**Q** 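Let me give you the structure first, and then I'll get to my questions.
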Amino acid sequence: MKIDIISCQPGLIDGFFSQSIVKNAIQNNFVEINTHDLRPFGNGNYRQIDDYQYGGGAGMVLMIEPLAKLIRQLQEKTTYDQVIYLTPDGKTLNQKSVNKLSLSKNLLMICGHYKGIDERVRELFVTQEISIGDYVLSGGEIAAAVLTDAIVRLIPGVINDETSALTDSFQDDLLAPPVYTRPADFEGTKVPEILMSGNEKLINDWRLEKSIERTTQRRPDLLTK
Ligand code: ADE
């Protein structure tokens, strides 16, 4: 899989991908991630990428020309399954849409800044608009990093234990059950006996029961979907 990310602050994103699971996925060639700085595609000697909005109002807007130039250059080399714009007015991200996106070959993500991007970029180039939650970040970079992390960990082989991602919270519309590791007794607080019974059926039943219990208490909305 290849993920291209357009940003006017690419340094923000590169930091995320130099650590942990995504870093390993890149090193082991499960995914190629390229960040593309918008600035060199800016207009004129000053490489201008943003301007005041028509009609007045606070906040700068990323201009269409630099974005169009960069997007077109990337599209000459790559056919994208989706061109994603990260924006608080997009569709809220959930595990189902992450699962779907993880089957893609090539993805292009666009990070907005300031007041956002010229609406015509959305009309002409963007195929999917995604929000990571009902709050406003100062740019789309963190959202792109969140989305990339959620996708990359689903690529088969990226997480060592093949079944691990499948038993995450949300994969079956249930929150994950509690997990424990050694010691079995911490200052009198004990690991449930059943988990040490060696009986796989009983353990799976217990985990399902705990998942349902936890979902009912914390996220009843997931049960009525
Ligand atoms: N850009 C700014 N806020 C955002 C959000 N909540 N989700 C996605 N992109 C964003």
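What you see is a predicted model, and the numbers here were worked out from it, not measured in a lab.
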**Q** Is there a donor in the side chain of H113 and an acceptor in the side chain of E141, or the other way round, less than 3.5 Å apart?
**A**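 Side chains of H113 and E141: pair found under 3.5 Å.
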**Q** For Q75, enumerate each residue passing the side-chain hydrogen bond (donor to acceptor under 3.5 Å, both in side chains) test, keeping only those at least two apart in sequence or located in another chain.
**A**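 Partners of Q75 under the side-chain hydrogen bond (donor to acceptor under 3.5 Å, both in side chains) test: none.
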**Q** What residue among I84, N34, I33 forms side-chain contact (heavy atoms from CB on, under 4.5 Å) with I5?
**A**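 Running side-chain contact (heavy atoms from CB on, under 4.5 Å) over I84, N34, I33 with I5 returns exactly one hit, I33.
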**Q** Tell me who clusters with L175, hydrophobic residues only, linked when side chains sit under 4.5 Å apart either directly or through other members.
**A**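 Traced through the cluster, L175 reaches F170, L222.
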**Q** Ignoring hydrogens and geometry, is there a side-chain-to-backbone donor-acceptor pair from S97 to L93 under 3.5 Å?
**A**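 Looks like no, no N/O pair under 3.5 Å.
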**Q** Strictly distance-based, threshold 3.5 Å: is any side-chain N or O of S7 a donor or acceptor partner for the main-chain N or O of C111?
**A**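 No; judged by distance alone, with no hydrogens or angles, the pair does not exist.
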**Q** Within the supplied structure, the quantity of interest is the number of heavy atoms (other residues, nucleotides, ligands) at a distance under 6.0 Å from Y135 OH; does it exceed 12?
**A**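 Enclosed.
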**Q** For atom CD of E119, is the number of surrounding heavy atoms from other residues, nucleotides or ligands below 6.0 Å larger than 12?
**A**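 Atom CD in E119 is crowded, with more than 12 foreign heavy atoms closer than 6.0 Å.
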**Q** Is the number of heavy atoms from other residues, nucleotides or ligands within 6.0 Å of CG (N28) greater than 12?
**A**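 Atom CG in N28 is packed in, count exceeds 12.
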**Q** Would you compute the distance between atom CD of E209 and atom CG of L202 and round it to the nearest 0.5 angstrom?
**A**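 Answer for the CD-CG pair, E209 versus L202, is 11.0 Å.
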**Q** Do the charged groups of K115 and D50 touch, with an N to O distance under 4.0 Å?
**A**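 Looking at K115 and D50, the cut-off is not met.
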**Q** Are I203 and M196 connected in a single hydrophobic cluster, I mean Ile/Leu/Val/Met/Phe/Trp/Tyr linked by side-chain heavy atoms less than 4.5 Å apart?
**A**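 Same cluster.
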**Q** Would you indicate whether the side-chain heavy atoms of L86 and L137 approach each other to under 4.5 Å?
**A**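 No - every pair of side-chain heavy atoms lies 4.5 Å or more apart.
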**Q** T216 and L223: which non-hydrogen atoms are nearest, and at how many Å?
**A**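 Looks like OG1-CD1, 3.5 Å.
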**Q** How long is the straight-line distance from CG of L174 back to OG of S211, given to the nearest 0.5 Å?
**A**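 Going from OG on S211 over to CG on L174, the span is 5.5 Å.
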**Q** Taking it one step at a time, do D118 and L62 satisfy side chain to side chain contact (heavy atoms under 4.5 Å, CB included)?
**A** CA-CA 6 Å; D118 190 300; L62 289 181; over 6 Å; no
**Q** Roughly how far apart are K100 NZ and Q128 CD, rounded to 0.5 Å?
**A**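 Rounded to the nearest 0.5 Å, the NZ-CD separation comes out at 8.0 Å.
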**Q** Hey, any chance Y80 and F125 share a hydrophobic cluster, counting ILVMFWY side chains that come within less than 4.5 Å of each other, even indirectly?
**A**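 Yes, it is one cluster - the side chains of Y80 and F125 are joined through contacts under 4.5 Å.
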**Q** Where is the tightest heavy-atom contact between Y85 and I110, given as atom of each residue plus distance?
**A**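 Shortest heavy-atom contact: CD1-O, 3.4 Å.
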**Q** Honestly curious: do V22 and L12 fall in one hydrophobic cluster under the side-chain, below-4.5 Å linking rule?
**A**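 No; tracing contacts between hydrophobic side chains, which count when under 4.5 Å, never links both residues.
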**Q** Give the minimum heavy-atom separation between V152 and A25, together with the two atoms involved.
**A**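 Looking at all heavy atoms of both residues, the shortest contact is CG1-CB, 3.5 Å.
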**Q** Between the main-chain N or O of R47 and the side-chain N or O of R39, is there a donor-acceptor pair closer than 3.5 Å?
**A**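 Yes: the side chain of R39 pairs with the backbone of R47.
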**Q** For the pair Q53 (side chain) and A58 (backbone), establish whether a donor and an acceptor sit closer than 3.5 Å, ignoring hydrogens and angles.
**A**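 A pair under 3.5 Å: yes.
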**Q** Is the shortest side-chain heavy-atom distance between L67 and L38 below 4.5 Å?
**A**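 With C-beta onward as the side chain, the pair touches.
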**Q** Testing the 3.5 Å rule here: is there a donor-acceptor pair between the side chains of S197 and N199?
**A**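 No, no side-chain donor-acceptor pair sits under 3.5 Å.
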**Q** Look at D205 together with R207 and state whether they make a salt bridge at an N to O cut-off of under 4.0 Å.
**A**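 A salt bridge is absent here (no side-chain N lies under 4.0 Å from a carboxylate O).
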**Q** With side chain to side chain contact (heavy atoms under 4.5 Å, CB included) as the test, would you mind laying out the steps for Q217 and E213 before giving the verdict?
**A** CA-CA 6 Å; Q217 283 164 357; E213 197 178 291; 4.0 Å; yes
**Q** If every non-hydrogen atom of I49 is compared with every non-hydrogen atom of C8, which pair is closest and at what distance?
**A**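 Heavy atoms of I49 and C8 come nearest at CD1-CB, 3.5 Å.
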**Q** Output yes when a side-chain donor or acceptor of S131 lies under 3.5 Å from a complementary backbone atom of G90, and no otherwise.
**A**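 Checked: no pair found.
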**Q** Do the side chains of L147 and I151 get nearer than 4.5 Å, heavy atoms only?
**A**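 The answer is yes; the side chains approach within 4.5 Å.
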**Q** Please check if the side chain of N106 supplies one atom and the backbone of T79 the other of a donor-acceptor pair under 3.5 Å.
**A**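 Pair found, side chain donor or acceptor close to backbone of T79.
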**Q** Among the clusters formed by ILVMFWY side chains lying less than 4.5 Å apart, do V146 and I26 turn up in the same one?
**A**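 V146 and I26: one cluster.
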**Q** Tell me whether the count of non-hydrogen atoms from other residues, nucleotides or ligands lying under 6.0 Å of CD in E123 goes above 12.
**A**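 Yes - once you tally the heavy atoms of other residues, nucleotides and ligands closer than 6.0 Å, there are more than 12.
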**Q** Answer yes or no: is there a side-chain heavy-atom contact under 4.5 Å between T215 and D173?
**A**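 No; the side chains remain at least 4.5 Å from each other.
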**Q** Is there a path of hydrophobic side-chain contacts, each under 4.5 Å between heavy atoms of I/L/V/M/F/W/Y residues, joining L103 to V158?
**A**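 No, V158 does not connect to L103 through the hydrophobic network.
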**Q** Please check this pair: side chain of N99 against backbone of S102, looking for a donor-acceptor N/O pair closer than 3.5 Å.
**A**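 Side chain of N99 to backbone of S102, a donor-acceptor pair under 3.5 Å: no, none is there.
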**Q** So with a 6.0 Å cut-off around CZ of R120, is the heavy-atom count from everything else above 12?
**A**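 Not more than 12 within 6.0 Å, no.
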**Q** Taking the side chain as every heavy atom from C-beta outward, state whether L195 and Y180 have any pair of such atoms under 4.5 Å apart.
**A**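 Yes. Closest side-chain heavy atoms under 4.5 Å.
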**Q** Does L74 form a side chain to side chain contact (heavy atoms under 4.5 Å, CB included) with I6? I'd like the steps, not just the answer.
**A** CA-CA 10 Å; L74 293 170; I6 295 177; 4.0 Å; yes
**Q** Quick one: do R219 and D221 make a salt bridge, cutoff under 4.0 Å?
**A**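 Result for this pair is yes, salt bridge flagged.
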**Q** Are the side chains of P177 and R214 in touch, meaning some heavy atoms are under 4.5 Å apart?
**A**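 No, every pair of side-chain atoms sits at 4.5 Å or beyond.
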**Q** Looking at side-chain heavy atoms only, is the closest gap between K105 and M1 below 4.5 Å?
**A**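 With C-beta onward as the side chain, the pair stays apart.
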**Q** Would you check if L101 and L107 make a side-chain contact, meaning some heavy-atom pair closer than 4.5 Å?
**A**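 Yes, side chains in contact.
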**Q** Hey, what do you get for OG1 (T92) to CD1 (I132), rounding to the nearest 0.5 Å?
**A**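 Separation between the atoms: 10.5 Å.
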**Q** Under 4.0 Å between a side-chain nitrogen and a carboxylate oxygen: does that hold for R122 and E129?
**A**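 Answer for the salt bridge query: yes.
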**Q** Donor-acceptor check, side chain of D4 to backbone of L108, threshold 3.5 angstrom: yes or no?
**A**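 No, D4 side chain to L108 backbone: no donor-acceptor pair under 3.5 Å.
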**Q** Should M109 and I3 be marked as a side chain to side chain contact (heavy atoms under 4.5 Å, CB included) after you check the CA-CA gap, both sets of side-chain angles, and the distance that decides it?
**A** CA-CA 7 Å; M109 301 184 191; I3 301 177; 3.7 Å; yes
**Q** Taking all atoms of both residues into account, what is the closest heavy-atom pair of F30 and P156, and its distance?
**A**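 The answer is CE2-O, 3.5 Å.
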**Q** Can T78 and K2 be said to form a side chain to side chain donor-acceptor pair (under 3.5 Å), step by step?
**A** CA-CA 9 Å; T78 306; K2 182 170 77 157; 2.7 Å; yes
